[in-house]
Amino acid sequence: MLIDVKRIYVDIIKTLPISYANRMSLDHLIRQKRWPNLKNPQWYSEKMLWRLVYDRREILSFTCDKMRMKEYAKSKVSSINVPKNLWVGFELDDIKKLSSLPADFFEKGWALKPNHSSGFCIIGKGVPDLNSINLKGWWKTYGSVGTAGWGGWAYGKAKKALVLEELIGDGSVDLIDYKFYVFGGKCSLLQIITGRGGVKRRYVLNRQWQLQYSSEDPQGIHLPPPPSKFGEMLETAEKLGEDFDFMRIDLYYHNDEIWFSELTPYPSMMRSSRNGVLNRSLGDSWKLPTIK
């Protein structure tokens with residue numbers, strides 16, 4: 001029997017009888033080998049922790065609600081493609097209604113995910129196999145303050161719902177994830193993820209598509225070329241992120257079209273990485289807001 005050490009660690013940290021700030025600071029110490037300075041944060045990992053602990057501004061309140069972020073994206077960049085919602089259920093039992101829909105409703109492919117959470121998604125064609133989904137786990141509020149979750153305050157503000165949305169492409173080819181780190185409307189770097197369904201590789205790149213870091217492919221041997229509309233993608237990401245001190249803008253590129261994926265106010269990159277150069281440079285790019 002394999003022991004999931006990571007799972008055990010997470011369960012222990014999440015349930016310690018200490019404040020949320022101290023719990024997250026302890027996690028930072030374990031991962032980064034240094035106690036975070038929350039009074040005067042300088043590194044990106046410290047500033048992200050500061051956001052998690054202290055930032056409750058209204059501008060962030062919708063950024064973990066998948067339906068609301070789609071509306072926001074379309075209002076900011078009218079030309080961007082946004083996956084259509086095919087079906088939405090606002091109660092857990094609503095999921096049972098999916099099986100009563102006609103078979104041709106599902107034939108073009110779909111992605112099923114919770115509106116208010118992260119890390120849960122299945123894609124497919126045909127009627128979804130609901131027996132393969134931990135729906136009660138999906139339905140839990142992800143990471144709101146006051147729970148044992150990691151996710152962040154804005155998840156607790158998202159409307160609880162299950163969303164079936166159109167699939168980008170036909171599912172035969174893994175799409176590349178493009179994740180733009182935008183600070184005050186300017187992208188400082190991006191992360192791309194390839195091989196989601198096979199050999200997964202993550203790359204951190206600068207604006208010129210030059211490799212900065214990859215744990216799976218340090219020399220960038222398998223790094224794909226930039227999309228033909230990379231410049232437009234960069235402009236789109238910066239437009240979508242211009243209202244925030246920091247926001248990760250997640251996009252896809254398919255058939256020469258730019259697709260919106262998500263806003264991500266609490267990305268996990270750099271949480272475990274001990275790449276001090278990237279941590280400091282991203283921290284320099286991030287000017288924290290003044291909270292009254």
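Counting begins at 1 with the first residue of the sequence.
- Side-chain N or O atoms of D174 include none that pairs as donor or acceptor with a backbone N or O of G195 at under 3.5 Å.
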task: Dump the intermediate steps for side-chain hydrogen bond (donor to acceptor under 3.5 Å, both in side chains) on D284 and S281, then the final yes or no.
output: CA-CA 5 Å; D284 290 341; S281 65; over 6 Å; no
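- Side-chain atoms of I192 and W209, non-hydrogen and from C-beta on, do get closer than 4.5 Å to each other.
- You'll find the side chain of V182 stays beyond 4.5 Å of the side chain of L240, heavy atoms only.
- Residues T264 and F180 fail the side-chain proximity criterion, which asks for heavy atoms closer than 4.5 Å.
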task: Assess whether side-chain contact (heavy atoms from CB on, under 4.5 Å) is satisfied between L234 and R207, documenting all intermediate values.
output: CA-CA 8 Å; L234 196 59; R207 294 169 60 94; 3.6 Å; yes
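- Neither side chain, Y178 nor D250, offers a donor N or O lying under 3.5 Å from an acceptor on the other.
- Q208 CD: more than 12 foreign heavy atoms inside a 6.0 Å radius.
- The shortest distance between side-chain heavy atoms of N206 and L190 does not fall below 4.5 Å.
- Residues M247 and Y181 form no side-chain contact, since every pair of their non-hydrogen atoms from C-beta on lies 4.5 Å or further apart.
- With H116 contributing its side chain and L162 its backbone, the two residues share no donor-acceptor pair below 3.5 Å.
- Across all their heavy atoms, I249 and A237 have their closest contact at CG1-O, 3.5 Å.
- Ring geometry for Y72 versus F62: interplanar angle of 30 to 60°, hence tilted.
- Between Y155 and D65 the shortest side-chain heavy-atom distance does not fall below 4.5 Å.
- V173 shares a hydrophobic cluster with no other residue; no ILVMFWY side chain has heavy atoms under 4.5 Å from its own.
- Under the 4.5 Å side-chain heavy-atom criterion for grouping Ile, Leu, Val, Met, Phe, Trp and Tyr, M69 is connected to Y266 within one hydrophobic cluster.
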Per-pair distances, 0.1 Å, donor-acceptor, side chain in residues 82-93, under 3.5 Å, sequence neighbours excluded:
{"residue": "N85", "atom": "OD1", "partner": "K70", "partner atom": "NZ", "Å": "2.6"}

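- For K76, the NZ atom is densely surrounded, since the number of other residues' heavy atoms within 6.0 Å is greater than 12.
- No more than 12 heavy atoms of other residues, nucleotides or ligands lie within 6.0 Å of CD in Q219, so this atom counts as exposed by the packing criterion.
- Legend: salt bridge (Lys or Arg N to Asp or Glu O under 4.0 Å) pairs involving residues 209-229, not counting sequence neighbours, sorted by first then second residue: R202-E216.
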Under 3.5 Å, side-chain donor or acceptor atoms of residues 98-110 against the rest of the protein: list the pairs with distances, not counting sequence neighbours.
{"residue": "S99", "atom": "OG", "partner": "K96", "partner atom": "O", "Å": "2.9"}
{"residue": "S100", "atom": "OG", "partner": "K97", "partner atom": "O", "Å": "2.6"}
{"residue": "W110", "atom": "NE1", "partner": "G124", "partner atom": "O", "Å": "3.4"}
{"residue": "W110", "atom": "NE1", "partner": "G126", "partner atom": "O", "Å": "2.7"}

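- Criterion: ILVMFWY side-chain heavy atoms under 4.5 Å apart, direct or through other members. Under it, L288 and W153 are part of a common hydrophobic cluster.
- Residues in residues 121-137 take part in no salt bridge (Lys or Arg N to Asp or Glu O under 4.0 Å) pair, two or more places apart or across chains.
- Around the NZ atom of K74, the shell of radius 6.0 Å holds more than 12 heavy atoms that belong to other residues, nucleotides or ligands.
- N255 contributes no side-chain N or O that, together with a main-chain N or O of E257, makes up a donor-acceptor pair within less than 3.5 Å.
- With respect to R57 and D245, a salt bridge is recorded, a charged nitrogen being found less than 4.0 Å from a carboxylate O.
- Judged by distance alone, the side chain of E242 and the main-chain N or O of E238 form no donor-acceptor pair under 3.5 Å.
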message: side-chain contact (heavy atoms from CB on, under 4.5 Å), that's the test. Do I95 and L130 meet it? Break it down for me.
response: CA-CA 8 Å; I95 195 72; L130 302 182; 3.7 Å; yes
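- A donor-acceptor contact closer than 3.5 angstrom is absent between the side chains of W50 and D55.
- Heavy-atom minimum distance, L60 versus T63: O-OG1, 2.7 Å.
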message: Show, in sequence, the C-alpha distance, side-chain angles and deciding distance for I59 and F244, and conclude whether the side-chain contact (heavy atoms from CB on, under 4.5 Å) test is met.
response: CA-CA 8 Å; I59 186 64; F244 308 96; 3.6 Å; yes
task: Evaluate the criterion side-chain contact (heavy atoms from CB on, under 4.5 Å) for residue pair T194 and H222; output intermediate values, then yes/no.
output: CA-CA 9 Å; T194 66; H222 302 284; over 6 Å; no
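- The distance from atom NZ of K157 to atom SG of C64, rounded to the nearest 0.5 Å, is 12.0 Å.
- Residues W35 and S25 form a side-chain contact, since some pair of their non-hydrogen atoms from C-beta on lies under 4.5 Å apart.
- For Y253 and W259, the gap between ring centers reaches or exceeds 6.0 Å.
- Side-chain atoms of R248 never come within 3.5 Å of backbone atoms of E262 as a donor-acceptor pair (strictly under, hydrogens ignored).
- Here the side chain of N279 pairs a donor or acceptor atom with the backbone of Y44 at under 3.5 angstrom.
- H28 and S45 form a side-chain donor-acceptor contact under 3.5 Å, judged by distance and modelled atom types alone.
- Under the 30°/60° scheme for interplanar angles, the aromatic rings of W286 and F183 are found to be tilted.
- Every residue two or more places apart in sequence or in another chain that forms a side chain to side chain donor-acceptor pair (under 3.5 Å) with S188 is listed here: S285.
- Nearest heavy-atom pair across F120 and P114 is O-CD, 3.4 Å.
- Looking at every heavy atom in both residues, L211 comes nearest to L205 through CA-CD2, 3.6 Å.
- Annotation: cation-pi pair R34/W43 present, NZ/CZ under 6.0 Å from the ring centroid and within 45° of its normal.
- The pair D27-R31 counts as a salt bridge, with a side-chain nitrogen and a carboxylate oxygen less than 4.0 angstrom apart.
- Across all non-hydrogen atoms, the minimal contact from G220 to Y203 is CA-CE2, 4.2 Å.
- In this structure, L49 and P41 have side chains that are not in contact, with every pair of non-hydrogen atoms separated by 4.5 Å or more.
- Under the 3.5 Å distance criterion, the side-chain polar atoms of S61 are matched with a main-chain donor or acceptor of E58.
- When hydrophobic clusters are built by joining Ile, Leu, Val, Met, Phe, Trp and Tyr residues whose side-chain heavy atoms come closer than 4.5 Å, directly or via intermediates, V204 is grouped together with I176.
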